[in-house]
Amino acid sequence: MSGPAEAQEAVEVFRQRLKAVEVAEMNLLVDSYRPVQENVDKSVARVTSLAQKRKLKPWEVMRLTAMTNLKTAVVGDIALYASIVQTHIAQGQAAAVALAQQSAVTVTAAGLPPGITPDMLSRLGIQWNALPREAFANFVGIAADGRPVGAMLAELGPQSAEAIKQTVGRGIATGLSPRETARAVEKVSGMNLSRAMSIARTETNRSYREASRLQYAANPNVVKGYRRLATKDESTCMACIALDNTVYETNEPLDSHPNCRCTMVPDTLTYQDLGLDIPEPPRPENGQEWFAKQSGETQKNMMGTKTFAAYQDGRVGLNDLVTTTTDRVWGKSSTVKSAKALGL
């Protein structure tokens, strides 16, 4: 059997395979960051111990050679880490692109009307155009804004070094113990790992979606467009839930957001397109229909208390929650309006 429901099932199979790529990528990033964190911890301990021993004032601490060395070491360690991350992201993107090339064929075949196969279309002169690997080369090592991923990661070192320096200074100025200061620094330093993971996850998923879209766009005789498919669970943002099943042109990138888990299902030829007078198979439940069936507690957790109250009163609909922004790095994104933006 084939049809919209079967296409979504096929998408889910490949989404799980993409998730496995992502998990492996995240584990590598975490393992690679441990030496960086250990070096930061040692440097911070050195500075705080020296400040405590000499009973230095905060401004004196800031002028210590040890503090300068701390900043230099952080910049160097994170630059090395960034080069490792860049390699891991490129590998993840390459794996995602290869997966997208496979999924485009499989999912499109699954989405054709029941009884219609790629072989039948081929006999009608409708061929599948498989793009060469070279067509996807610009997805590997490149960020959403067209910069090399390494250029984005290069920003981590100087920003982190300054943040760590200021955190050490505040810790000493407010009388935190060396252990408490170290914990505060670990929290700031951990933002490097969090940022690297966010970049890796976002760019890997984007490469998968864009490679899929490019393959669909190369086959207009089979794929008329694509539909957004959101992951339907409590951690999915309300913009993605509201936009689930929205139809896009194949020349239009999906307006995702950082860490977005949405993917795309090809909108394939129908019986009507083939001149057949046969009822079309039903489409699966969309995000808005799924959300309406959830418990009040789940809806409130996903929406937030104020927005949920307005939703219950009928003052706000799901489509009202969506806003589109353009970010220098991430491009066009559909995100959730705040309660304030909704007038709540």
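For this chain, numbers begin at 1 and follow the sequence in order.
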* To do: Hey, could you give me the CZ/CG distance between R195 and L193, rounded to the nearest 0.5 Å?
  => 13.0 Å

* Run the salt-bridge test on D255 and R228 with the 4.0 Å N-O cut-off and return the result as yes or no. => yes

* Asked: Is the shortest heavy-atom distance from the side chain of Y33 to the side chain of S194 under 4.5 Å?
  -> no

* To do: Mark yes when over 12 heavy atoms from residues, nucleotides or ligands other than K300 sit less than 6.0 Å from its NZ; otherwise mark no.
  => no

* So, for D244 and G287, which heavy atoms are closest and what is the spacing to 0.1 Å? -> OD2-N, 2.6 Å

* Just checking, any donor-acceptor pair under 3.5 angstrom between side chains of R15 and T231? -> yes

* Flag for N319-Q288: side-chain donor and acceptor within less than 3.5 Å -> yes

* **Atom of T204, atom of A200 and distance for their closest heavy-atom approach** => OG1-O, 2.8 Å

* For Q215 and S103, indicate whether the former's side chain and the latter's backbone hold a donor-acceptor pair under 3.5 Å. => no

* Structure fact -> Result for side-chain contact (heavy atoms from CB on, under 4.5 Å) between I89 and one of Q86, Q93, Q91 points to Q93

* Asked: To the nearest 0.5 Å, how far apart are CD in E9 and CZ in F14?
  -> 13.5 Å

* To do: Using atom types as modelled and distance alone, determine if a side-chain donor or acceptor of T268 lies under 3.5 Å from a backbone N or O of G111.
  => yes

* With sequence neighbours left out, what residues match E22 under side-chain hydrogen bond (donor to acceptor under 3.5 Å, both in side chains)? -> R201, N205

* **Side-chain donor or acceptor of S83 paired with backbone N/O of L80 under 3.5 Å** => yes

* **Any pair counted as ring pair (Phe, Tyr, Trp, His ring centres under 6.0 Å), so long as it reaches residues 211-244, sequence neighbours left out** => Y226-Y248

* Asked: With side chains defined as the heavy atoms from C-beta onward, is the minimum distance between Y81 and L29 less than 4.5 Å?
  -> yes

* Asked: Which of these, D273, N219, T250, sits in a side chain to side chain donor-acceptor pair (under 3.5 Å) with K224?
  -> D273

* Is there a donor-acceptor pair closer than 3.5 Å between any side-chain N or O of R209 and the backbone N or O of C262? -> yes

* Considering all heavy atoms of both residues, which atom of T48 and which atom of T181 are nearest to each other, and what is their separation? -> CG2-CG2, 3.9 Å

* Closest heavy-atom contact between L112 and I116? -> CB-O, 3.7 Å

* Asked: Got a donor-acceptor contact below 3.5 angstrom from the S189 side chain to the V185 backbone?
  -> no

* To do: Report yes or no: does N39 contribute a side-chain atom to a donor-acceptor pair with the main-chain N or O of V36 at less than 3.5 Å?
  => no

* To do: For D31, check side-chain hydrogen bond (donor to acceptor under 3.5 Å, both in side chains) against everything at least two apart and list the hits.
  => R34

* To do: Drop me the distance from Q299's CD to L318's CG, to the nearest 0.5 angstrom.
  => 8.5 Å

* Applying the 4.5 Å side-chain criterion to the ILVMFWY set and letting contacts propagate, would M26 and V21 be lumped into a single cluster? -> no

* Asked: Is a donor on one side and an acceptor on the other found under 3.5 Å between the side chain of E162 and the backbone of P158?
  -> no

* Treating Ile, Leu, Val, Met, Phe, Trp and Tyr as nodes and any side-chain heavy-atom pair under 4.5 angstrom as an edge, say whether I241 and M264 lie in one connected cluster. => no

* To do: Evaluate whether atom CZ of R133 has more than 12 neighbouring non-hydrogen atoms of other residues, nucleotides or ligands under 6.0 angstrom away.
  => no

* Looking only at atom types and distance, does a side-chain atom of D320 sit under 3.5 Å from a main-chain N or O of G317, one as donor and one as acceptor? -> yes

* Could you tell me whether E285 and K293 make a salt bridge, using a distance below 4.0 angstrom between a side-chain N and a carboxylate O? => yes

* Tell me, which pairs form a salt bridge (Lys or Arg N to Asp or Glu O under 4.0 Å) where one or both residues lie in residues 256-270, sequence neighbours left out? -> R227-D267, D233-R261, D267-R283

* For R213 and E210, what are the C-alpha separation, side-chain angles and deciding distance, and is it a salt bridge (Lys or Arg N to Asp or Glu O under 4.0 Å)? -> CA-CA 5 Å; R213 184 183 66 81; E210 280 294 276; 2.8 Å; yes

* Which residues share a side-chain hydrogen bond (donor to acceptor under 3.5 Å, both in side chains) with T298, sequence neighbours left out -> S295

* Between atom NE2 of H88 and atom CD of E25, what is the distance when rounded to the nearest 0.5 Å? -> 8.5 Å

* Side chains of P4 and V265: closer than 4.5 Å at any heavy-atom pair? -> no

* What residues form a side-chain hydrogen bond (donor to acceptor under 3.5 Å, both in side chains) with Q16, not counting sequence neighbours? -> E12

* Say whether, by atom type as modelled, one donor and one acceptor occur between the side chain of T324 and the main chain of S334 under 3.5 angstrom. => no

* Asked: Is the closest side-chain heavy-atom distance between S198 and N259 below 4.5 Å?
  -> yes

* For the residue pair Q127 and S122, confirm or rule out a side-chain donor-acceptor distance under 3.5 Å. => yes

* Asked: Ignoring hydrogens and geometry, is there a side-chain-to-backbone donor-acceptor pair from E180 to G171 under 3.5 Å?
  -> no

